[in-house]
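Values below: all heavy atoms of this structure, side chains included; hydrogens, waters and symmetry mates excluded. In what follows, every chain begins at residue 1, and chains take the letters A, B, ... in the order their sequences are listed.
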2 protein chains.
Amino acid sequence: MHSLDRVDLQLLRALCVEPRSTFVALAQRLGLSRNTVQARMARLEESNAFLAFDRRINPIALGHPLTAFIQVHLQQKRLSQIVAELTQIPEIVQAHGMSGSTDLLVLVVCTDADDLFRIDGTILACEGVDRTETSLAMGELIPYRITPLLDRVTRERGPANRVDVDIDDEA
Amino acid sequence: MHSLDRVDLQLLRALCVEPRSTFVALAQRLGLSRNTVQARMARLEESNAFLAFDRRINPIALGHPLTAFIQVHLQQKRLSQIVAELTQIPEIVQAHGMSGSTDLLVLVVCTDADDLFRIDGTILACEGVDRTETSLAMGELIPYRITPLLDRVTRERGPANRVDVDIDDEA
DNA sequence: ACAGAATAGGGCAAAGTGACTAATGGGACG
DNA sequence: CGTCCCATTAGTCACTTTGCCCTATTCTGT
């Protein structure tokens with residue numbers, strides 16, 4: 001259990017703008033002392049406000065320019081076994097359990113169409129997987145972003161107000 | 001146009017393990033000189049091997065613990081107008097143009113079910129949007145990761161081999 | 001008004017950075 | 001075979017940043 005105040009949000013904002021800023025630079029930009037920035041950053045990290053660095057690595061740079069979402073339909077009681085198998089496939093970069101008709105939404109990156117076909121085959125080969133529906137991402141029309149949300153949260157809450165968070169389930 | 005060699009991949013790997021490593025630390029870990037690390041990091045950044053810092057911010061910390069994928073069906077010739085409108089919605093953190101029956105796959109984060117309902121309504125209100133299908137992410141069964149792929153790419157290519165990449169379309 | 005937390009401000013030794021040089025070792029190419 | 005080019009190494013230097021210490025001064029909620 002932790003809570004972010006307005007200054008924390010401004011810190012995150014500044015980091016989005018200039019990820020490599022030093023503590024001193026952040027302190028200057030926000031008009032705080034370096035100690036304060038340092039303490040807050042430590043707390044932010046402590047409270048899992050940051051996700052893994054993996055997210056910042058461009059799959060394109062790794063020779064995997066194609067992104068696809070694969071909807072997986074499966075026998076639900078084999079779910080954990082299937083997830084364990086899918087974890088072995090390096091091209092699967094993320095997978096969500098879903099509500100609704102699709103059980104699993106899998107995010108894969110691949111080198112080309114053949115590669116995608118191969119990966120899809122590997123998923124289908126898992127015991128308990130009924131069928132898959134593959135959708136190719138044609139373009140990232142809205143590139144991943146969090147700053148608009150950051151701004152809204154900052155604006156909505158009053159200066160001294162807090163955003164109460166329970167982050168422990170993400171740890 | 002750029003290419004990553006094995007050392008670049010190892011660098012990225014090390015960064016995933018310890019995102020806050022200094023250049024000296026990276027140099028020690030990889031058995032390189034600091035200058036080399038510094039030069040390579042500069043090249044990596046230059047060639048867009050890193051995505052925006054936004055990706056590392058945990059929406060849960062912002063009070064948005066719910067993630068949902070919304071499939072949007074729309075009149076294709078209004079696509080660009082619709083995307084422009086969706087860009088105004090801060091809870092939309094990403095959107096992909098898709099192949100197949102769904103035109104747009106939108107990733108949203110929200111505070112609770114009511115919030116999701118409201119956002120879905122906002123999307124539906126856009127001129128040219130025919131209908132939406134909302135799927136709630138029940139859990140991130142495979143948390144976003146790139147290291148397995150990193151390892152595979154490193155292993156596959158020989159020591160001196162290169163991964164040829166054209167990153168300019170991501171810039 | 002009070003207790004506890006957050007902050008500013010200062011200081012200091014250690015570490016890291018950015019920018020530069022010169023030397024080394026391959027590879028590619030004529 | 002020699003030569004050019006490039007990445008790398010190793011070293012230096014001035015400068016900045018860090019990590020950690022401390023204390024006095026606001027805030028904050030009760």
Side-chain angles (χ1 to χ4, degrees), chain A residues 1-50 53 56 61-63 150 153-168, chain B residues 1-50 53 56 61-63 153-154 157-167:
Chain A
M1 179 76 172
H2 187 63
S3 51
L4 306 190
D5 64 9
R6 151 178 291 245
V7 178
D8 288 322
L9 298 173
Q10 287 173 339
L11 256 172
L12 295 177
R13 184 82 165 71
L15 276 173
C16 286
V17 175
E18 196 51 71
R20 303 202 34 179
S21 335
T22 60
F23 290 158
V24 222
L26 289 171
Q28 280 186 339
R29 183 187 295 254
L30 300 197
L32 301 171
S33 80
R34 173 177 70 97
N35 284 333
T36 305
V37 170
Q38 216 160 343
R40 282 180 176 271
M41 287 292 293
R43 258 184 319 176
L44 283 173
E45 247 171 279
E46 178 106 7
S47 62
N48 294 307
F50 300 117
F53 187 85
R56 286 206 57 198
L62 270 37
L150 218 39
V153 173
T154 308
R155 214 173 316 111
E156 277 183 359
R157 318 279 162 167
N161 235 326
R162 308 256 157 153
V163 186
D164 285 331
V165 180
D166 183 357
I167 298 198
D168 292 337
Chain B
M1 179 75 173
H2 187 62
S3 51
L4 306 190
D5 63 10
R6 150 177 293 245
V7 178
D8 289 320
L9 298 173
Q10 288 174 337
L11 254 171
L12 295 178
R13 185 79 163 74
L15 276 174
C16 286
V17 175
E18 196 49 71
R20 304 200 35 177
S21 339
T22 61
F23 291 159
V24 249
L26 288 171
Q28 280 185 338
R29 183 188 294 254
L30 300 196
L32 301 172
S33 79
R34 173 175 72 98
N35 284 339
T36 307
V37 170
Q38 218 158 343
R40 281 179 177 272
M41 287 293 291
R43 256 186 320 178
L44 283 174
E45 248 172 278
E46 177 107 8
S47 63
N48 294 305
F50 300 118
F53 187 86
R56 286 206 56 199
L62 270 38
V153 173
T154 308
R157 316 282 162 166
N161 234 327
R162 307 259 158 149
V163 187
D164 284 331
V165 181
D166 183 357
I167 299 196

Of B:Val24 and A:Val37, whose nearest nucleotide on DNA chain C comes first from the 5' end? A:Val37

By nearest heavy atom, map A:Ala39 and B:Ser21 onto DNA chain C; which one lands nearer the 5' end? A:Ala39

Rounded to whole Å, how long is the line connecting atom CG of B:Asp8 with atom C1' of D:dA7? 12 Å

Looking at every non-hydrogen atom in both residues, tell me the closest pair between B:Arg56 and B:Pro19 and how far apart they are. NH1-CB, 3.9 Å

Check this one for me: any side-chain N or O of A:Thr36 less than 4.0 Å away from OP1 or OP2 of C:dA6? no

In whole angstroms, the gap separating P of C:dA6 from CG of A:Leu44 amounts to 12 Å

Between C:dA8, D:dT17, C:dG18, which nucleotide has the shortest distance from any of its atoms to the side chain of A:Leu32? C:dA8

So, using side-chain contact (heavy atoms from CB on, under 4.5 Å) as the criterion, who are the partners of B:Ala14 when residues are at least two apart? B:Leu26, B:Arg29

I need the CZ-P distance between A:Phe23 and C:dA8, as an integer number of Å. 15 Å

Rounded to whole Å, how long is the line connecting atom CD of B:Gln28 with atom P of D:dT9? 14 Å

Separation of D:dA7 P from B:Leu4 CG (nearest whole Å): 14 Å

Side chain of A:Thr22 - closest among D:dT18, C:dG16, C:dG18: D:dT18

Considering non-hydrogen atoms only, spot the tightest contact between A:Leu150 and A:Cys16 and give its length. CD2-SG, 4.4 Å

Before accepting this row, confirm whether a basic side-chain N of the pair B:Arg43/B:Asp5 lies closer than 4.0 Å to the acidic partner's carboxylate O. no

Indicate whether OP1 or OP2 belonging to D:dT16 is found under 4.0 Å from a side-chain N or O atom of A:Arg34. no

Between B:Leu26 (CG) and C:dG16 (P), how many Å, whole number? 11 Å

Would you state whether a donor and an acceptor, one from the side chain of B:Asn35 and one from the base of D:dG11, lie under 3.5 Å apart? yes

For A:Val37 and A:Leu11, work out which heavy atoms get closest and say how close. CG1-CD2, 4.1 Å

OP1 or OP2 of D:dT18 less than 4.0 angstrom from a side-chain nitrogen or oxygen of A:Gln38, does that happen here? no

For atom CG of A:Leu30 and atom P of C:dA6, their distance in whole Å: 17 Å

Is there a donor N/O on one and an acceptor N/O on the other, under 3.5 Å, for the side chain of B:Arg20 and the base of D:dG19? no

